[in-house]
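Hydrogens, waters and symmetry mates are skipped; everything else that's a heavy atom, side chains included, is used. All of these numbers come straight from a predicted model, not from anything done at the bench.
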Amino acid sequence: MIKAIALSVENIKRGGGPFGAVIVKEGKIIATGVNRVTANTDPTAHAEVNVIRKAAKKLGTFDLVGCDIYTSCEPCPMCLGAIYWAHLDKIFYGNSKTDAKNIGFDDSFIYDEIDLSPENRQVQTEQKLREEAIKAFEVWSLSKEKVCY
C-alpha cells in the first residue's frame, strides 16, 4: 500500500492524477501503474486499468487469480469492473470514494446511472441491428476454439 500511495504522489509531479496502484502475487510486486488520463489523453488510463494491463502482459494471462491489487483510492466503477474481469483476489485501498469526491473526482453519478434502465440514462442509448449482431454470439457459442473469460 505504501508503494501505491507513493506512486500517487509522484504521479502528480509528472503531470498525472493523484492515483497509483500495485498488483502483488505471492508477496512480490508484479506491476505498478498510475493515472495517465490527462497526460495520455485517454479517459480509461486510470491507475488500476494501467496496472492490470501491465500485470496481465507480464504474466502472459488475462486471468489474475492469485493476485491482489493495492490502490491509493477506492476504485471507480470502470476500475472495479476491470478488477472483477481480471479475477483479482482482493482489493486494498487507501482513500475512499468520498475522499475522491471531495477533491473533484465524483463518480457517484455513474453508480446512479448503472441502476437505471438504458432509456432513462443521461447518455442517450438505442439498441440497433440486434438480429445482425446476435450472429457473432451464435458463432462464438458454437466455436470449439473459444477461450472463456
Side-chain angles (χ1 to χ4, degrees), residues 1-25 29-57 59 61-141 146-149:
M1 181 56 78
I2 291 171
K3 179 70 172 172
I5 294 167
L7 288 166
S8 71
V9 174
E10 291 167 19
N11 194 49
I12 297 166
K13 298 171 190 168
R14 294 188 9 225
F19 305 96
V22 176
I23 290 183
V24 173
K25 183 172 186 173
I29 293 176
I30 301 300
T32 63
V34 293
N35 179 288
R36 302 306 291 165
V37 170
T38 57
N40 293 358
T41 60
D42 178 355
T44 68
H46 290 202
E48 297 90 340
V49 172
N50 288 336
V51 76
I52 288 169
R53 288 175 179 157
K54 286 181 181 178
K57 186 172 185 173
L59 296 174
T61 181
F62 56 83
D63 188 341
L64 299 178
V65 166
C67 297
D68 297 327
I69 187 167
Y70 292 79
T71 180
S72 64
C73 186
E74 185 175 0
C76 75
M78 175 183 70
C79 294
L80 188 60
I83 288 165
Y84 275 90
W85 280 115
H87 305 118
L88 289 159
D89 289 358
K90 192 165 183 178
I91 303 166
F92 298 93
Y93 65 90
N95 294 309
S96 70
K97 61 184 176 183
T98 302
D99 296 328
K101 178 181 179 178
N102 291 339
I103 63 162
F105 292 95
D106 184 7
D107 54 16
S108 60
F109 73 97
I110 299 171
Y111 287 105
D112 295 341
E113 288 284 300
I114 290 169
D115 286 337
L116 298 175
S117 59
E119 65 274 3
N120 292 323
R121 293 181 182 152
Q122 289 181 23
V123 175
Q124 190 176 26
T125 304
E126 179 181 344
Q127 185 175 20
K128 295 182 83 63
L129 301 176
R130 182 185 178 277
E131 302 239 348
E132 290 80 359
I134 200 71
K135 290 175 185 162
F137 284 6
E138 291 166 353
V139 170
W140 172 262
S141 294
K146 70 182 168 202
V147 176
C148 294
Y149 55 94

### Message
Heavy-atom count check: over 12 atoms from other residues, nucleotides or ligands less than 6.0 Å from Ile2 CD1?
### Response
no
### Query
Does Glu113 reach the main-chain N or O of Gln122 with its side chain, forming a donor-acceptor pair under 3.5 Å?
yes
### Task
Check whether any side-chain heavy atom of Pro77 lies under 4.5 Å from a side-chain heavy atom of Ile114, and answer yes or no.
yes
### Task
Flag the pair Val34 / Asn50 as yes when at least one side-chain heavy-atom distance between them is below 4.5 Å, and no otherwise.
no
### Query
Is there a side-chain contact between Glu48 and Met78 (heavy atoms, below 4.5 Å)?
no
### Message
So which atom in Gly33 and which in Lys54 form the shortest heavy-atom distance, rounded to 0.1 Å?
### Response
CA-NZ, 4.4 Å
### Task
Give the ring-plane orientation class for Phe92 versus Tyr70, where under 30° counts as parallel, over 60° as perpendicular and anything between as tilted.
parallel
### Message
Would Ser108 and Asp106 count as a side chain to side chain donor-acceptor pair (under 3.5 Å) here? Give the steps.
### Response
CA-CA 6 Å; Ser108 60; Asp106 184 7; 2.7 Å; yes
### Message
Run Arg53 and Thr44 through side chain to side chain contact (heavy atoms under 4.5 Å, CB included) and show every step you take.
### Response
CA-CA 12 Å; Arg53 288 175 179 157; Thr44 68; 3.7 Å; yes
### Reported CG-to-CG distance for the pair Leu7 and Asn35, which is rounded to 0.5 angstrom
12.0 Å
#### Entry: Closest contact, heavy atoms only, Leu116 versus Asn120
CD1-O, 3.4 Å
### Task
Write down the atom of Val22, the atom of Ala4, and the distance for their closest heavy-atom approach.
CG2-N, 3.8 Å
### Query
Is there a side-chain contact between Pro18 and Phe105 (heavy atoms, below 4.5 Å)?
yes
### Message
With side chain to side chain donor-acceptor pair (under 3.5 Å) as the criterion, how do Asn11 and Ser8 come out once you've worked through the C-alpha distance, each side chain's angles and the decisive distance to 0.1 Å?
### Response
CA-CA 5 Å; Asn11 194 49; Ser8 71; over 6 Å; no
### Message
Set out, in order, the CA-CA distance, both residues' side-chain angles and the distance that settles side chain to side chain contact (heavy atoms under 4.5 Å, CB included) for Trp85 and Ile52, then state yes or no.
### Response
CA-CA 10 Å; Trp85 280 115; Ile52 288 169; over 6 Å; no
### Task
List the atom of Ala31, the atom of Ala55, and the distance in Å for their closest heavy-atom pair.
CB-N, 3.6 Å
### Message
With a 4.5 Å cut-off on side-chain heavy atoms, are Val49 and Cys79 touching?
### Response
yes
### Query
Is any side-chain heavy atom of Ile23 less than 4.5 Å from a side-chain heavy atom of Ile29?
no
### Test item: Leu64 and His87 side chains (from C-beta on) under 4.5 Å apart, heavy atoms
no
#### Entry: Side chain proximity check, Ile69 to Pro75, heavy atoms < 4.5 angstrom
no
#### Entry: Interatomic distance, Ile83 atom CD1 to Asp89 atom CG [nearest 0.5 angstrom]
12.0 Å
### Query
Does NZ belonging to Lys146 count more than 12 external heavy atoms closer than 6.0 Å?
yes
### Message
I need the Arg130 CZ to Phe137 CZ distance, nearest 0.5 Å.
### Response
9.0 Å
### Query
Any donor and acceptor pair, going by atom type alone, linking the side chain of Thr71 with main-chain N or O of Ala21 inside 3.5 Å?
no
### Query
Is atom CD of Gln124 surrounded by more than 12 heavy atoms (other residues, nucleotides or ligands) closer than 6.0 Å?
no
### Query
Between Cys76 and Tyr111, which heavy-atom pair has the shortest distance, and what is it?
C-OH, 4.0 Å
### Query
Could you state the interatomic distance from CD (Glu74) to OG1 (Thr98), rounded to the nearest 0.5 Å?
7.5 Å
